[in-house]
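Predicted model only: the values in this text are computed from it and were never measured. Order of the sequence lines sets the chain letters (A, B, ...), proteins ahead of strands, with each chain counted from 1.
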Number of protein chains: 2
Amino acid sequence: MSAGKKFEAMSGNIKKIAELAQTSKSSVSRVINNNGYVSADVRERVEKAIASINYHPNAGARTLRGSPSRLVGVLLPSLDVPFFGILAHSIEQAFFALGYQTFICSTAESQDREQAYVGMLLAQRIDGVIVASSRQEVDPFTPLRDRNIPMVAIDRPMPGLTDVCVHVDNHYGGTLLAKHLIELGHREIAIISTPRHSEPMIQRVNGACAALAEHGLKPVQIAYGNEHNLGAGRRLATKLLQKTPRPTAIIGTSDTAAIGAMHAAVDLGINVPGDLSIAGFDDIPEASYVLPRLTTVSQPTRKIGERAVHRLHQMMSGELELAVEDRLPLKLVVRQSTAKI
Amino acid sequence: MSAGKKFEAMSGNIKKIAELAQTSKSSVSRVINNNGYVSADVRERVEKAIASINYHPNAGARTLRGSPSRLVGVLLPSLDVPFFGILAHSIEQAFFALGYQTFICSTAESQDREQAYVGMLLAQRIDGVIVASSRQEVDPFTPLRDRNIPMVAIDRPMPGLTDVCVHVDNHYGGTLLAKHLIELGHREIAIISTPRHSEPMIQRVNGACAALAEHGLKPVQIAYGNEHNLGAGRRLATKLLQKTPRPTAIIGTSDTAAIGAMHAAVDLGINVPGDLSIAGFDDIPEASYVLPRLTTVSQPTRKIGERAVHRLHQMMSGELELAVEDRLPLKLVVRQSTAKI
DNA sequence: ATCAGTTATGGGATCGTTCCCATAGTGGGA
DNA sequence: TCCCACTATGGGAACGATCCCATAACTGAT
């Protein structure tokens with residue numbers, strides 16, 4: 001195979017440390033794992049030897065003997081969407097604090113990739129997994145379930161896969177937005193939902209529709225897109241706003257979609273919130289840094305990640321055997337992108 | 001330790017497959033690795049057995065025998081900053097396509113964390129590392145160098161650590177912004193740079209100062225912050241804009257800082273770009289989705305990640321032995337946040 | 001008939017670690 | 001004095017994979 005200078009990266013093993021410290025590998029192991037009897041003298045020699053060559057025990061060999069790998073996987077649709085970037089960040093940081101190493105797996109909503117990632121994670125003998133897949137299929141994840149690998153679902157329950165879930169009530173969040181707009185006098189309300197197959201987005205749409213229905217209303221249009229980015233929201237809104245009669249308000253099922261929609265309005269010379277109210281969902285940092293500042297439903301993104309890590313940690317420690325559904329609070333944050341009609 | 005129901009997650013081993021397929025583990029290994037002689041009959045039986053229990057070879061055991069781990073590490077300051085989120089995403093995706101599993105390590109600019117992560121990566125016997133540390137210290141990374149672990153620096157060279165670097169000319173980018181503002185007639189130009197110790201940010205400041213100096217100018221103020229987020233930019237700009245005389249233009253060393261500054265201006269009733277021009281750096285997606293749309297220096301974030309992966313792949317394959325410095329192109333993107341004075 | 005090369009299969013050493021077990025010295029209680 | 005508990009240390013078998021080597025059947029050339 002590949003020629004070239006070979007990197008002789010061997011980083012010493014326990015035997016070498018034993019030689020350096022003039023003792024046996026058993027004693028070295030006892031020092032490293034801090035169990036069993038070791039004299040102060042040997043301990044010191046071993047610690048010196050370890051430091052002298054910057055030795056790090058081979059993690060693979062350890063798990064081979066049956067120790068937990070202290071590796072975990074996080075499966076989510078993407079990393080370059082602010083919401084998921086923040087989520088991944090909080091998860092990774094929380095695991096680090098617990099001494100776990102995290103595999104962040106960006107599945108791009110593709111079943112093939114999910115399957116490939118699950119295989120890789122199994123090969124690494126991960127101790128647990130957090131899944132934030134937004135699609136409905138559970139097939140790619142069943143191998144994890146079949147091996148009883150502790151698993152926490154984020155963003156939406158995954159019945160049949162795991163009984164532990166950390167999420168928000170997306171349906172309720174949808175109602176908050178619709179009620180807010182109704183209270184402001186809006187009757188012609190459109191919805192932009194993207195990506196189309198995302199369960200949380202569907203729930204938000206359903207919630208909004210339910211609240212509208214309570215007032216004998218229904219959305220003048222529900223526009224679906226396929227991507228989760230600003231451009232998608234903009235394109236969908238542009239189309240929407242060119243129809244007549246024009247809606248007086250738009251609900252975006254994410255801040256990204258809503259901010260995209262704001263720019264569609266600007267392009268068309270429509271004043272927000274004067275002629276058109278726009279509201280989003282998530283409360284990403286950018287939501288309060290657009291003009292007009294975006295009215296949105298705030299979800300505690302970081303807390304969701306931290307709670308999920310906490311739950312997974314409990315499962316991995318065998319402290320959690322029951323089904324648990326953590327539902328974190330949502331809050332309507334009224335800013336400047338919505339106004340009375 | 002932790003009690004509770006034990007997860008009996010053993011996922012079969014090569015011996016079990018051998019039994020199921022009525023052959024030896026040697027033959028199973030040959031099928032899995034697709035080398036040596038195997039009859040069609042045995043191959044089929046083995047493949048069936050593998051599928052039947054969804055077997056995945058233990059990655060740790062493999063590397064124990066000397067195979068590459070196909071694990072790589074990426075060290076960067078954070079994941080919840082759009083720029084790094086996009087960078088991490090493109091790196092992770094590119095590695096996945098090459099069959100590598102990525103450890104994304106969010107170091108929070110802390111030396112302790114960097115050190116801890118490096119230790120964990122060494123324990124996992126990673127094949128290579130991409131480092132995007134913005135700080136100047138190289139100490140935490142020397143253990144990687146000492147083991148000859150292939151390493152690519154991103155965003156800035158890391159002399160003494162690695163000779164392979166993928167970056168942009170931040171100094172030049174700084175000059176682009178200054179020249180643009182000077183051409184528009186600005187003379188009172190302030191700079192907001194955050195986080196303070198980031199090498200790329202410093203280079204951008206230096207570039208801007210150099211271009212100003214060419215016209216006998218110097219920045220009316222350089223404000224430094226510690227965080228890389230919208231709030232930091234906003235706070236710095238608020239302070240800056242309350243002084244008299246007020247600058248007529250602000251250069252942010254990142255889009256994040258610049259967008260923050262725009263909101264400081266709004267808070268103070270200053271019109272952008274009428275009374276104040278603001279320009280950023282990076283061209284994150286949000287830059288074209290604020291109002292007014294942000295003038296900025298565009299860097300090819302995804303390409304940087306992909307190129308770094310390509311270079312690391314070459315190093316890991318032994319195909320790259322020389323020093324290589326990839327400098328990717330920058331481009332000034334003039335939008336609506338800057339105007340003639 | 002002999003030999004070499006190809007195809008096919010299985011045994012067993014090895015990688016780095018943990019942990020059980022054997023060994024052995026020491027000190028204190030009966 | 002004997003015995004046990006405690007302290008301390010080292011040897012060696014596992015874990016799951018790879019891969020070298022031995023074995024053996026078969027082909028075709030000499």
Side-chain angles (χ1 to χ4, degrees), chain A residues 1 8-46 49-50 53-71 119-120 122-127 147, chain B residues 1 8-46 49-50 53-71 119-120 122-127 147:
Chain A
M1 209 126 302
E8 29 176 330
M10 271 304 78
S11 62
N13 53 22
I14 204 170
K15 209 169 135 202
K16 180 156 183 192
I17 299 294
E19 280 166 24
L20 286 172
Q22 308 216 69
T23 178
S24 68
K25 58 198 175 71
S26 296
S27 290
V28 175
S29 175
R30 277 188 286 265
V31 172
I32 293 173
N33 298 291
N34 203 30
N35 61 15
Y37 295 107
V38 192
S39 66
D41 181 40
V42 168
R43 164 163 280 121
E44 199 193 343
R45 265 155 40 213
V46 168
I50 288 176
I53 62 165
N54 213 319
Y55 163 75
H56 292 271
N58 185 317
R62 281 179 148 179
T63 63
L64 195 54
R65 279 285 316 201
S67 329
S69 64
R70 300 197 80 79
L71 295 174
M120 284 172 139
L122 287 173
Q124 297 293 344
R125 302 297 188 264
I126 35 97
D127 293 339
R147 284 192 180 64
Chain B
M1 208 125 303
E8 28 174 329
M10 271 305 78
S11 62
N13 52 24
I14 203 170
K15 210 169 134 202
K16 181 156 183 193
I17 298 295
E19 279 166 26
L20 286 172
Q22 309 216 68
T23 178
S24 68
K25 58 199 175 71
S26 297
S27 289
V28 176
S29 174
R30 276 187 287 265
V31 171
I32 292 173
N33 298 291
N34 203 30
N35 60 15
Y37 296 106
V38 192
S39 66
D41 181 40
V42 168
R43 163 162 281 122
E44 200 194 340
R45 264 151 46 208
V46 168
I50 288 177
I53 62 165
N54 212 320
Y55 163 75
H56 292 272
N58 185 317
R62 281 178 148 179
T63 64
L64 195 54
R65 278 286 316 207
S67 328
S69 63
R70 299 198 80 79
L71 295 174
M120 285 172 139
L122 287 173
Q124 298 292 344
R125 302 297 188 263
I126 35 96
D127 293 337
R147 283 189 182 65

**Prompt:** CD1 of A/Ile17 to CD of A/Glu19: how many Å apart, nearest 0.5 Å?
**Reply:** 10.0 Å
**Message:** I want to check something: taking the side chain as every heavy atom from C-beta on, are A/Ser29 and A/Ser26 in contact at a cut-off of under 4.5 Å?
**Reply:** no
**Request:** Could you check which of C/dT9, D/dT9, D/dG16 has an atom nearest any side-chain atom of B/Tyr37?
**Result:** C/dT9
**Prompt:** What is the distance from NE2 of B/His56 to C1' of D/dA17, rounded to the nearest Å?
**Reply:** 16 Å
**Item:** Note, B/Val46 side chain near B/Arg30 side chain (heavy atom, < 4.5 Å)
**Value:** no
**Message:** When the axes are fitted on five pairs at both termini, how much does the helix from C/dA1-D/dT30 to C/dA30-D/dT1 curve, in 10° steps?
**Reply:** 60°
**Message:** Please report the distance, rounded to the nearest Å, between CZ in A/Arg70 and P in C/dT17.
**Reply:** 18 Å
**Item:** Spacing between A/Leu64 atom CG and D/dT18 atom P, to the nearest angstrom
**Value:** 12 Å
**Message:** Using a distance-only criterion (donor-acceptor N/O pair, under 3.5 Å, no hydrogens), is the base of C/dT14 paired with the side chain of B/Arg65?
**Reply:** yes
**Prompt:** Looking at residues at least two apart in the chain, or sitting in another chain, which of them share a salt bridge (Lys or Arg N to Asp or Glu O under 4.0 Å) with A/Arg43?
**Reply:** none
**Message:** Do A/Ile50 and A/Leu20 make a side-chain contact, defined as non-hydrogen atoms from C-beta onward lying under 4.5 Å apart?
**Reply:** no
**Message:** Please report the distance, rounded to the nearest Å, between CG in A/Asn35 and P in D/dT7.
**Reply:** 14 Å
**Message:** Distance check, rounded to the nearest 0.5 Å: A/Arg147 atom CZ versus A/Leu122 atom CG?
**Reply:** 5.0 Å
**Request:** Identify the two heavy atoms, one from A/Gln22 and one from A/Arg45, that lie closest to each other, and give their separation to 0.1 Å.
**Result:** O-NH2, 3.1 Å
**Request:** Examine distances only and state if a side-chain atom of B/Arg125 and a backbone atom of B/Ser69 form a donor-acceptor pair shorter than 3.5 Å.
**Result:** no
**Asked** Taking DNA chain C as the partner, which of residues 38-46 of chain A come within under 4.0 angstrom of it by heavy atom?
**Response** none
**Request:** Measure the shortest side-chain to side-chain distance between B/Tyr55 and B/Ile32 over non-hydrogen atoms and say whether it is less than 4.5 angstrom.
**Result:** yes
**Asked** Just how far, in rounded Å, is P of D/dG16 from CG of A/Asn58?
**Response** 16 Å
**Asked** Can you list, by residue number, the residues of residues 14-30 of chain A that have a non-hydrogen atom closer than 4.0 angstrom to DNA chain D?
**Response** A/Thr23, A/Ser24, A/Lys25, A/Ser26, A/Ser27, A/Arg30
What pairs of donor and acceptor atoms, side-chain ones from residues 60-68 of chain B against any protein atom, are under 3.5 angstrom apart with sequence neighbours left out?
from: B/Arg62; atom 1: NH2; to: B/Asn33; atom 2: OD1; distance (Å): 3.3
from: B/Thr63; atom 1: OG1; to: B/Gly60; atom 2: O; distance (Å): 3.0
from: B/Ser67; atom 1: OG; to: B/Arg62; atom 2: O; distance (Å): 3.1

**Message:** Please enumerate all residues that pass salt bridge (Lys or Arg N to Asp or Glu O under 4.0 Å) together with B/Arg70, with sequence neighbours excluded.
**Reply:** none
**Request:** For B/Asn33 and C/dT9, give me the distance from atom CG to atom C1', rounded to whole Å.
**Result:** 16 Å
